[in-house]
2 protein chains.
Amino acid sequence: MSRYDPSAFPPFAVTVDLVVLTVRDHELCALLVKRGEAPFQGYWALPGGFVRLDEGLAEAASRELAEETGLRAQSLPGSLPVGQTPAGAHLEQLATYGHPQRDPRMRVVSVAYLVLAPDLPSPRAGGDASSARWAPVRELFGEERNDGVLLAFDHEQILADGVERARSKIEYSSLATAFCPPEFTVGELRRVYEAVWGVVLDPRNFHRKVTGTPGFLLPSGGTTTRQGGRPAQLFKAGGATVLNPPMLRPEA
Amino acid sequence: MSRYDPSAFPPFAVTVDLVVLTVRDHELCALLVKRGEAPFQGYWALPGGFVRLDEGLAEAASRELAEETGLRAQSLPGSLPVGQTPAGAHLEQLATYGHPQRDPRMRVVSVAYLVLAPDLPSPRAGGDASSARWAPVRELFGEERNDGVLLAFDHEQILADGVERARSKIEYSSLATAFCPPEFTVGELRRVYEAVWGVVLDPRNFHRKVTGTPGFLLPSGGTTTRQGGRPAQLFKAGGATVLNPPMLRPEA
DNA sequence: TGTGATTATCGTCAGAGAGACGACTAAGAT
DNA sequence: ATCTTAGTCGTCTCTCTGACGATAATCACA
């Protein structure tokens with residue numbers, strides 16, 4: 001707060017953009033919406049919108065998330081705004097992007113939020129998005145990158161940052177459970193790690209690790225056969241949020 | 001970007017706030033400035049100021065940093081904006097704070113940046129700050145917390161988030177070297193860890209760990225006696241930015 | 001010129017944890 | 001019945017860490 005007349009502050013537009021990730025069909029996918037208006041009309045983009053003058057940032061992110069997906073999300077009070085929905089989806093602030101020319105219309109600062117959600121029924125086009133889809137991250141960034149998919153604004157960068165955050169955060173936190181339904185098996189959790197990291201993990205070592213970490217998993221009683229093979233024990237997410245020692249992401 | 005007329009977007013003020021940390025006298029300290037004007041006149045606060053309409057966020061943070069401390073900082077292009085100054089100071093985006101009532105005057109969204117700097121000569125009052133000082137973090141948050149020191153706005157929360165980020169980031173990155181001069185000894189680096197974490201580390205295990213991690217430290221040739229005792233080898237920061245396996249912060 | 005204090009550096013040992021992988025279990029498919 | 005698929009338990013080895021002994025090289029001071 002300095003040598004400025006506060007009544008003459010430079011006016012900015014503030015938006016939130018959402019990096020919504022889920023695991024579908026053994027693949028990490030991001031929610032994209034098709035823009036219905038200029039600029040970047042017809043391009044795929046991250047869902048998002050303007051922050052209203054009377055709402056907080058996480059609140060705006062929750063609202064946009066609900067509008068685009070129907071997911072409920074609420075942020076907890078506390079340091080960096082982080083929250084869990086009743087449905088298990090997780091919302092946290094990612095980073096803020098404010099390059100002076102990132103929006104050709106005006107000066108826009110966008111606060112990006114990261115959402116990790118269990119597999120959702122199917123994207124619902126909401127607001128002004130003429131359509132929405134789950135885009136496999138591999139198509140956007142992997143070797144088999146499809147260069148036809150260019151995102152609007154700087155959303156490619158935002159998405160890349162979100163994916164990297166998710167990949168590193170499941171190492172040292174129990175966040176991977178946010179990709180799972182309320183009850184899940186060790187194998188399902190392992191497939192989440194495999195999809196997010198794009199690797200194959202040893203089922204025996206993985207099982208030893210996650211069941212041996214206190215507070216990570218809570219047995220919920222039942223067993224299930226969802227993948228064929230021997231029935232597996234069902235678990236709920238335990239109270240632990242931080243894993244110490246962490247899950248190790250394979251090197252190469 | 002949605003059902004709003006873009007020419008009628010809700011106007012926000014956007015500021016940057018700086019969490020500038022250094023290690024002085026075996027203690028983690030944060031740079032505070034005394035506010036010269038309302039609101040919170042006379043309160044200590046984080047340095048910061050309005051973002052100009054034609055500058056980026058990291059750019060504004062660098063500018064404010066230079067105005068308050070004379071430190072040069074520049075951000076590198078790349079994902080989350082992160083940079084290293086020639087002088088060794090490190091600048092990275094921390095988080096963004098936008099509660100509707102965080103500033104009583106108007107709707108302000110503040111992008112906080114974290115700066116890690118080597119011990120600086122002495123704070124220089126700049127801009128509208130009537131004075132500036134290095135406040136030991138222990139006085140603000142530790143057991144011996146001095147409740148007389150209440151920071152303006154939500155700066156207490158921002159500072160706490162910045163300190164926690166620094167504490168966790170030196171675990172798995174080589175960032176602790178940002179607190180050191182260009183050349184330093186293993187003992188000096190250890191004292192940085194001890195000050196930031198508020199613990200005592202075993203000199204022998206610490207030495208083995210840091211010298212055994214490839215790319216962390218580069219021998220620079222010379223030796224020095226800065227603390228009395230046997231002369232120590234001098235090192236520069238190596239190229240490695242991520243430590244794998246990480247430095248482990250003692251439990252209790 | 002010792003002698004002690006201080007800091008740096010090297011070594012040793014035991015225990016925890018991870019990767020590799022063998023073996024067994026319990027379901028469905030043919 | 002047998003094969004296939006997935007889940008679960010155990011074992012072995014290697015790496016890394018924490019605890020701690022020992023030695024090295026400087027300064028302060030008697």
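The chains referred to below are lettered A, B, ... by the order of the sequence lines, with proteins before strands, and numbering in each begins at 1.
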By nearest nucleotide on DNA chain D, pick out whichever of B:T225 and B:L248 is the more 5' one.
B:L248
Please confirm whether the backbone N or O of B:S174 pairs with a side-chain atom of B:T177, one donor and one acceptor, at under 3.5 Å?
yes
Rounded to whole Å, how long is the line connecting atom CD of A:E171 with atom C1' of C:dA18?
14 Å
On a plain distance test, is the side chain of B:R204 in donor-acceptor contact with the base of C:dG11 below 3.5 Å?
no
Starting at the 5' end of DNA chain C, which residue's closest nucleotide do you reach first, A:K209 or A:G228?
A:K209
Output yes when at least one side-chain N/O atom of A:H207 is less than 4.0 Å from OP1 or OP2 of D:dT8, else no.
yes
Aromatic centroids of A:F235 and A:F184 separated by under 6.0 Å:
no
Expressed as a whole number of angstroms, how long is the span from A:F184:CZ to D:dG7:C1'?
16 Å
For atom CD of B:E194 and atom P of C:dT7, their distance in whole Å:
11 Å
Assess the residue pair A:D17 and A:Y97 against the criterion (side chain to side chain donor-acceptor pair (under 3.5 Å)); give the C-alpha distance rounded to whole Å, side-chain angles, the decisive distance to 0.1 Å, and a yes or no.
CA-CA 10 Å; A:D17 284 316; A:Y97 302 81; over 6 Å; no
Any salt bridge linking B:E194 with B:R249? Criterion: basic side-chain nitrogen under 4.0 Å from a carboxylate oxygen.
no
Non-hydrogen side-chain atoms of B:E92 and B:H90 separated by less than 4.5 Å:
yes
Can you say whether a donor on the side chain of B:R230 sits under 3.5 Å from an acceptor on the base of C:dA8, or the other way round?
yes
Using whole Å, report how far CD of A:Q233 lies from C1' of C:dA26.
14 Å
Between CZ of B:R190 and C1' of C:dT9 the distance, given in whole Å, is 11 Å
What is the separation between atom CZ on A:F206 and atom P on D:dG10, rounded to the nearest whole Å?
19 Å
Taking C:dA18, D:dT26, C:dC21 as options, the one with an atom nearest any side-chain atom of A:D202 is C:dC21
Is the NZ or CZ atom of B:R133 both under 6.0 Å from the centre of the six-membered ring of B:W44 and within 45° of that ring's axis?
yes
Are any of the side-chain heavy atoms of A:R191 and A:V23 separated by less than 4.5 Å?
no
Heavy atoms under 4.0 Å, any strand shown: does B:R226 hit a base, just sugar-phosphate, or nothing?
nothing
Among D:dT8, D:dG7, C:dT9, the one nearest any side-chain atom of A:V186 is D:dT8
Atom-pair distance (CG on B:L201; C1' on D:dA19), nearest Å:
14 Å
Starting at atom CG of B:N244, determine the distance to atom P of D:dC16, rounded to an integer number of angstrom.
10 Å
Could you list, one pair per line, each protein nitrogen or oxygen that sits under 3.5 Å from a nitrogen or oxygen of nucleotides 12-14 of chain C, together with the distance?
{"unit_1": "C:dT12", "atom_1": "O4", "unit_2": "B:R208", "atom_2": "NH1", "d": "3.4"}

